[in-house]
Amino acid sequence: MSAPAAGGRGAAAPDVAARVVQWQATHGRNHLPWQNTRDPYRVWLSEIMLQQTQVATVLGYYQRFLDRFPDVQALAAAPQDDVLALWSGLGYYSRARNLHRCAQIVVEQHGGQFPASVQQLAALPGIGRSTAGAIAAFCFGERAPILDANVRRVLTRVLGFGDDLAQAASERALWQRAEELLPREDLLQAMPRYTQGLMDLGAGICLPRKPSCMLCPLQDVCVARREGEPERYPVRTRKLKRSAGSWWLLLQRDAAGRVWLQRRPDAGIWAGLYCPPDFDSHQALMDAAPAGPLQELPAFVHVLTHRDLHLHPVLAPAQPGAAAQAQEDESPGGWFAPAQWRALGLPAPIRTLLERLAQDGGLQN
DNA sequence: ATCCTGCATC
DNA sequence: GATGCAGGAT
């Protein structure tokens with residue numbers, strides 16, 4: 001057993017890195033499909049998929065994605081719609097669009113090799129400082145910290161870091177502390193395991209509500225535990241005001257059960273995704289709808305971070321040529337059978353709506 | 001720096 | 001029904 005280095009490190013954080021590394025080797029996750037590789041493409045893909053998405057869900061997508069796009073060149077060369085189709089169901093589609101753009105930049109500007117430093121990685125679309133740190137640590141052994149939500153929880157608790165993370169200065173200070181906790185220069189080969197260990201602690205031990213402190217390798221150096229209320233960390237004030245908006249959706253369905261969808265513009269809400277034509281008012285929809293009986297479906301609310309979107313679906317019979325007049329922008333549209341639209345990038349509420357419609361079969365119409 | 005985003009989870 | 005996340009846009 002090695003004694004903690006005397007000096008150099010404050011007594012408040014004795015050998016955090018060593019404890020994490022040792023614990024990871026015996027208790028961490030070491031057999032996920034994106035582990036045990038130093039291929040930046042694979043690591044990058046997994047990190048992007050794991051943003052806002054649980055491991056269990058990503059497992060089902062990761063291999064399919066790799067099969068279809070085995071390397072960054074294949075991904076860069078693919079049509080965006082193919083990428084979105086494989087992403088279909090994962091949500092947060094800006095990740096998929098950034099992923100695609102990033103692949104193209106790596107191919108065109110970096111000769112098909114991911115750059116090997118945090119700084120350069122973080123300059124790529126979809127890669128922030130934390131994701132860049134993870135890739136750099138896993139693939140290049142760079143001494144770079146990560147600070148995603150899970151790790152933020154671990155570190156604020158261990159350190160008893162109680163400053164309000166809504167303040168940029170506090171956030172900066174925590175990054176600084178994260179750097180100080182990294183394995184020492186003479187343990188550089190430990191970077192991948194250390195990084196993975198922090199992730200594993202955050203995901204499995206240092207949970208938001210019920211941390212399993214008894215199982216934690218940091219239990220006897222953790223300030224939050226000593227204080228008795230680890231759940232108090234991290235501290236973040238929130239300021240949220242949500243506005244409301246209403247959209248009327250023109251759902252046209254033909255006899256074969258196909259629906260009319262069009263690709264949304266590349267900027268704005270649901271960029272690049274497929275959606276029925278939307279209108280600001282019932283009247284505007286009426287003006288654009290084909291002649292014939294309209295059926296108002298139950299309205300529902302889709303919640304975005306600071307917008308409550310009230311959606312009013314209106315079912316209309318299909319009429320030849322009628323769909324084209326629905327909107328004048330040059331967004332391409334078309335008729336999609338269920339098997340087809342299920343493979344498209346669809347906003348979550350639209351996917352739900354179409355599934356309901358498909359379930360009800362020919363309900364009316 | 002500050003605000004904005006789409007969705008899952010709790 | 002409220003909150004959080006991790007990145008982008010301005």
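First the proteins, then the strands, lettered A, B, ... as listed; each starts at 1.
- Look at NE2 on A/His302: it is 11 Å from C1' on B/dA8, rounded to the nearest Å.
- For A/Arg153 and A/Glu231, the salt-bridge test fails: no basic side-chain N is under 4.0 Å from an acidic carboxylate O.
- Ion pair A/Arg226/A/Asp220 not flagged as a salt bridge, since none of the NZ, NE, NH1 or NH2 atoms sits closer than 4.0 Å to an Asp/Glu carboxylate oxygen.
- Remark: A/Arg253 fails to qualify as a cation-pi partner of A/Trp260 under the 6.0 Å distance and 45° angle criteria applied to the six-membered ring.
- Atom CG in A/Leu207 sits about 21 Å away from atom P in C/dT3, given to the nearest Å.
- Going from atom NZ of A/Lys210 over to atom C1' of B/dC10 covers 12 Å, rounded to whole Å.
- Considering OH of A/Tyr41 and SG of A/Cys102, their distance stands at 10.5 Å, rounded to 0.5 Å.
- At the heavy-atom level, A/Ala348 lies under 4.0 Å from the strands shown only through sugar-phosphate atoms.
- Checking B/dC7, C/dA6, C/dG8 against the side-chain heavy atoms of A/Pro125 singles out C/dG8 as nearest.
- Looking only at atom types and distance, the side chain of A/Tyr233 has a donor-acceptor partner in the side chain of A/Glu227 under 3.5 Å away.
- Summarising the geometry, the separation between CZ on A/Arg307 and P on C/dA2 is reported as 18 Å, rounded to the nearest angstrom.
- Distance A/Leu165 CG to C/dG4 P: 11 Å, rounded to the nearest Å.
- In this structure, the separation between CG on A/Asn98 and OH on A/Tyr93 is 14.5 Å, given to the nearest 0.5 Å.
- The A/Asn98 side chain lies nearest to C/dG8 when the options are C/dA6, C/dG4, C/dG8.
- Closest to the side chain of A/Arg172, from the set C/dG8, B/dA1, B/dC7, is B/dA1.
- What separates CG of A/Leu346 from P of B/dC7 is a distance of 10 Å, to the nearest Å.
- When distances run from any side-chain atom of A/Arg152 to the nucleotides C/dA6, C/dG8, B/dC7, the shortest one goes to C/dA6.
- Atom CZ of A/Arg95 and atom C1' of B/dA8 are 11 Å apart (whole Å).
- Listed by first and then second residue, the ring pair (Phe, Tyr, Trp, His ring centres under 6.0 Å) pairs that reach into residues 113-163 of chain A are A/Trp44-A/Phe114, sequence neighbours excluded.
- Here A/Pro208 lies out of heavy-atom contact (under 4.0 Å) with every strand.
- Of the candidate nucleotides B/dC10, C/dA6, C/dG4, B/dC10 has the atom nearest to the side chain of A/Arg209.
- Shown for residues 49-57 of chain A: residues whose heavy atoms fall under 4.0 angstrom of DNA chain C, namely A/Gln51, A/Gln52.
- OP1 and OP2 of B/dT5 both lie 4.0 Å or more from every side-chain N or O belonging to A/Trp270.
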